[in-house]
Amino acid sequence: MPRKIPHKTSEMSLQILFCTTECAPFSKVGGLADVSQALPAALKALGAEVTVITPLYGAINRNDLPKPLKQIAQGTVSLGAYRERSFSVLAALVSGITIWFVDSNEYFARNGIYEDEQGFAFWDNGERYIFFQKVILEMVRQHEFQILHVNDHHTSLLPVYLKKERHTTPPKTVLTIHNIGYQGSYSPDILNITGLGWADFYPGGPLEFHGQTNFLKGGILYADRVTTVSPGYAGELLASQEISFGLDGVLRSLDTPLTGILNGVDYRIWSPESDDIIPANYSAEDLAGKQVNRKKLLKRTGLPALPDHAVIGIISRLVDSKGFELLIPLEEELMELPLQWVILGSGEQRFEDMFRGWSQRYPKKVAYHQGYDAALSHLIEAGADMFLMPSKYEACGLNQIYSLRYGTIPIVRQTGGLGDTVQAWNGECGTGFNFQFYSSFALLQAINQALRVFRDKQAWQTLMRNAMAQDFSWEKSARAYLDIYRDLMK
Ligand code: ADP
């Protein structure tokens, strides 16, 4: 066996390979991208050596890639008996973190990350991410890592491969669940291209779930540790068949506990004091800039300034789990309230149609921007008074944490990470408004409560300052991950 290349010079620091299918600012669908950008940096600040490996998607503008970009590997991997697929790996240094981009014409050189432009999942997603993982295995064979940190089902077969391979000293594996609603469930014959054989596929077996393959289940059972992105979500996953999409029993069967580590925020990017995307910076001591941003937001979205109205923002993937169905029966009540809505997002047709319909029927009250727009998302955080996240379930949620820092008061359903990060306002303490029952009525009550407090300017300022004083920086969470890695090295 060829001698492995020690990946970095320092003998003392932990060598971690962070495996992810999204990494901001290069590729982003949701929160995984933010975590993949911020957690490695926070781990590095604590002395660990982290390399991130991620696909080089066609949608990434090559001019935006860091220079120099150096090819460090190329080769082929086999997908099934007679199919070899070629890859190359390009390395770049981004703010001190090495990023390995996996390049493949066949699997990644297309627009879209998981879906095409019409919103249909790519037919070969299973195969694409088996390929990605096989490339990662090649890199792990050539370089020395102590920890492989994998994320969600797209990379959750790696712990399975590593336990089955006769690897001299396989790295320890940590699997983080960012959203258990997606499990890598495919028809069983996909196993033929994994090269893993059929031994784990039988009713109740590690790779079987309701007659389909289930890559996340395999990862949960084979990883050395399993974590998720908030303590609240961890508790719900263990307790609820509905929230865990049926994997609660599998999670309860683990020898080591499922650990919930709250996602942090990269305050270098999300701070009203230094945000260079928003028109005016501001702070808890000097809130004047917030009013400037509010005006710009209304102007940018074509809404008139209406007296005594609050501006409420939504930035989201418009999918079932985000709870927007609760708004459907409330249209008339909501439009009578002193509220103006700025909504940014795309996803399921029924939600896009609902928000578009509102904006057409109530053009002075609702602005809907369909699509993905990072700059507008910053302006909404900075310019809105309130922010709505009525999720059915939420692993962690990031926008409510950004909102806190921007003094944009979150109204959230008390679930998963939303419950962990937003404390209900009680007239003196608290940082936002929570509701518990997943019902339109409970949501409407929370909005009404927020509007009552909004009318009391002094109370609202206290609430804003409480929110802005919250600190969800990555350091604490990165330490919790480091503790897990070190524990595994004992
Ligand atoms: P999820 O990962 O379930 O989508 P999170 O709240 O964890 O939810 O993360 C969502 C991230 O994606 C946030 O950074 C949010 O600002 C961003 N985001 C979602 N939709 C859009 C959009 N339409 N335009 C810009 N950013 C968006």
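Note that ligands are numbered from 1 as they come in the structure, with each ligand's atoms numbered from 1 the same way. The residues of the chain are indexed from 1 along the displayed sequence.
A salt bridge is defined here as a Lys NZ or Arg NE, NH1 or NH2 lying under 4.0 Å from an Asp or Glu carboxylate O, and R300 with D373 meets this definition. The pair D353-R350 fails the salt-bridge criterion, with no side-chain N (NZ, NE, NH1 or NH2) lying under 4.0 Å from an Asp/Glu carboxylate O. The pair R479-D483 does not meet the salt-bridge criterion, since no charged nitrogen lies less than 4.0 angstrom from a carboxylate oxygen. Using a cutoff of 4.0 Å between basic side-chain nitrogens and carboxylate oxygens, R361 and E331 are scored as salt-bridged.
The protein atom (non-hydrogen) at minimum distance from atom 15 (C) of ligand 1 is N399 OD1, 2.9 Å. Remark: minimum distance from atom 24 (N) of ligand 1 to any protein heavy atom is reached at D373 N, 3.0 Å. Of the protein's heavy atoms, L398 N, 3.8 Å lies nearest to atom 5 (P) of ligand 1. In terms of protein heavy-atom proximity, atom 27 (C) of ligand 1 is nearest to Y372 CE1, 3.4 Å. Residue, atom and distance of the protein heavy atom nearest to atom 20 (N) of ligand 1 are S316 C, 3.6 Å. For atom 14 (O) of ligand 1, the nearest protein heavy atom (residue, atom name, distance) is K28 NZ, 2.8 Å.
Near D34, meaning under 4.0 Å from any of its heavy atoms, are these atoms of ligand 1: 14 (O). The atoms of ligand 1 that sit less than 4.0 Å from any heavy atom of Y402 are 14 (O). In summary, the atoms of ligand 1 found under 4.0 Å from a heavy atom of G345, numbered by their order in the structure, are 23 (N).
Of the polar atoms of A374, none of the N or O atoms is found under 3.5 Å from an N or O of ligand 1, judged by distance alone. No N or O atom of W270 sits closer than 3.5 Å to an N or O atom of ligand 1. Residue S346 has no N or O atom closer than 3.5 Å to an N or O atom of ligand 1. Remark: ligand 1 and G31 share an N or O pair separated by less than 3.5 Å (distance only, no angle test).
Just one of W358, F355, F387 meets the ring pair (Phe, Tyr, Trp, His ring centres under 6.0 Å) condition when paired with W341; it is W358.
In this structure, F215 has its ring center no closer than 6.0 Å to that of H153.
Proximity of C396 to ligand 1 is not established, as no heavy-atom distance is less than 4.0 Å. Ligand 1 lies less than 4.0 angstrom from a heavy atom belonging to G371. Distances shorter than 4.0 angstrom occur between a heavy atom of L344 and an atom of ligand 1.
When the heavy-atom distances from atom 8 (O) of ligand 1 to H369, K322, R317 are ranked, the shortest goes to K322.
Here the closest non-hydrogen pair linking T256 and D224 is OG1-O, 3.9 Å.
Relative to the six-membered ring of Y267, R405 meets both conditions, a distance below 6.0 Å and an angle of at most 45° to the axis.
Contact annotation for L376 and ligand 1: no heavy atom of the residue comes within less than 4.0 Å of the ligand.
Using a 30° and 60° split on the angle between ring planes, F433 and W460 fall in the parallel class, below 30°.
No side-chain donor from either of D266 and Q37 sits under 3.5 Å from a side-chain acceptor of the other.
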inquiry  = If you apply the rule side chain to side chain contact (heavy atoms under 4.5 Å, CB included), what do you find for I53 with L17, and how did you get there?
reply    = CA-CA 7 Å; I53 187 161; L17 184 62; 4.0 Å; yes
